[in-house]
Number of protein chains: 2
Amino acid sequence: MADAAQTRQRILDSALELFTERGFAGTSVADLAGRLGTSKAALYHHFRSKNEILAALLDAPTRRFDELVTQAPELTAEQLLGRVVDLTAELSAMAGMLDGDPSVQAAQRERLLDRSRDINEALTAALVPPPGDADARLRAHAAYAAAKHGTLAAVTDLGTAELSPVTRAALVSAALRALHPAG
Amino acid sequence: MADAAQTRQRILDSALELFTERGFAGTSVADLAGRLGTSKAALYHHFRSKNEILAALLDAPTRRFDELVTQAPELTAEQLLGRVVDLTAELSAMAGMLDGDPSVQAAQRERLLDRSRDINEALTAALVPPPGDADARLRAHAAYAAAKHGTLAAVTDLGTAELSPVTRAALVSAALRALHPAG
DNA sequence: GTCTATACATAGATAGAC
DNA sequence: GTCTATCTATGTATAGAC
């Protein structure tokens, strides 16, 4: 009924939905097959394991954030926070799961591939100027949290992952104000 | 070796650790018994089900946040964000799991007790003045995210849930700045 | 109040036909 | 490339002795 690539994508789409709703550990392969209207065996033709489905799902987002980490040193705080807002919105369906579900990180840890913590650390570190006192680190955490989780809340609230320029600007400047010491 | 209340508490402590590490669905009753050095049957003497352990764990935090929701209308934004920082720090071990693990929410949903979304909505709503345009709502989301997730990041970073007055003030003012439109 | 043993269902994964 | 049928391990939960 479909070529391999297409079927593969349908599996990933359903997996993302279910992993988001019930968590990775809370979703069985039978659940997945049920939602797809196929058999479990069919799934195993396209992926070697449930874990591999998760890995395939996380591959793209992880790469996008890794890219941002390498660019981070050259970006201003405003540019960096803007990219965080953009990426979070674009990957909003995934971003909640990425560092929200403990069973996701546990599964990735088994494969020594849990990057989410490193990414978060690298990006907040990039927001702190070289000397970087404790206060500045705190503000960086707050600003990053505002950008990321503020964007997630906004996407949920607005019902769309397409942020208008005005909305984007509001999120970035809110995060930026959290970063800067003086009123 | 111990009276009932004490044993019950030991179970809850271990459960919190494991649920945080591996997620609720990712933790088996056997895992729990293993960490406690007891049998599965012993656990079932103190709790009727795995789900009830989760419910007992979430009971206190949920009540604390519900309290805050009822007080919210009478608080200034600064007071409210301050309370969010305080509560988040105090419950930091729990707060990540509370609205991070999808399997937790799925389990609570079965019992029609998933309050975390309502709480988040009520608190951000309290940050928006009555007319409440779209822009103000966005800033409220960003401010709330800065307070909550900024505090979680800070607690992780500092390695302690006891925030000094200076640290607390820095988090609150960062969140406040995210809330307020003008520099 | 804790144990061993076990019931019963579901988990992830595979075999082999079509 | 998808199916039915099945393997084996593990899941939650219980029975009944101590």
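Predicted model, so just to flag it, every value in this text is computed and none were measured. Chain letters run A, B, ... following the sequence lines, proteins first, then strands; residues in each count from 1.
A straight line from CZ of B/Phe24 to P of D/dG11 spans 13 Å, rounded to a whole angstrom. The CG atom of B/Asp31 sits 14 Å away from the C1' atom of D/dA9 (whole-angstrom rounding). When the C1' atom of D/dA13 is taken as reference, atom NE2 of B/His46 falls 16 Å away, rounded to whole Å. For the pair A/Lys40 NZ and C/dA13 C1', the interatomic distance rounds to 8 Å; values are reported in whole Å. Rounded to whole Å, atom P of C/dT2 lies 10 Å from atom CG of B/Leu43. Residue B/Arg8 contributes atom CZ, which lies 12 Å from atom P of C/dG1 at whole-angstrom precision. The separation between B/Gln6 atom CD and C/dT2 atom P is 10 Å, rounded to whole Å.
Of the candidate nucleotides C/dG1, C/dA13, C/dC3, C/dA13 has the atom nearest to the side chain of A/Ser49. Residue A/Ser39 places its side chain closer to D/dT4 than to any other of D/dA13, C/dG1, D/dT4. When distances are taken from the side chain of B/His45 to each of C/dC3, C/dT2, C/dA13, the shortest belongs to C/dT2.
Within the 4.0 angstrom heavy-atom criterion, only backbone atoms of the sugar-phosphate kind lie near B/Thr38; the bases stay farther away.
Under 3.5 Å, the side chains of A/Asp114 and A/Ser116 contain a donor-acceptor pair of N or O atoms. Side-chain N/O atoms of B/Asp13 and B/Gln9 include a donor and acceptor closer than 3.5 Å.
The 5' end of DNA chain C is approached more closely, in terms of each residue's nearest nucleotide, by B/Ala5 than by the other of B/Ala5 and B/Ala41.
Taking the centre and axis of the six-membered ring of B/Phe65, the NZ or CZ atom of B/Lys148 falls inside the cone set by 45° and 6.0 Å.
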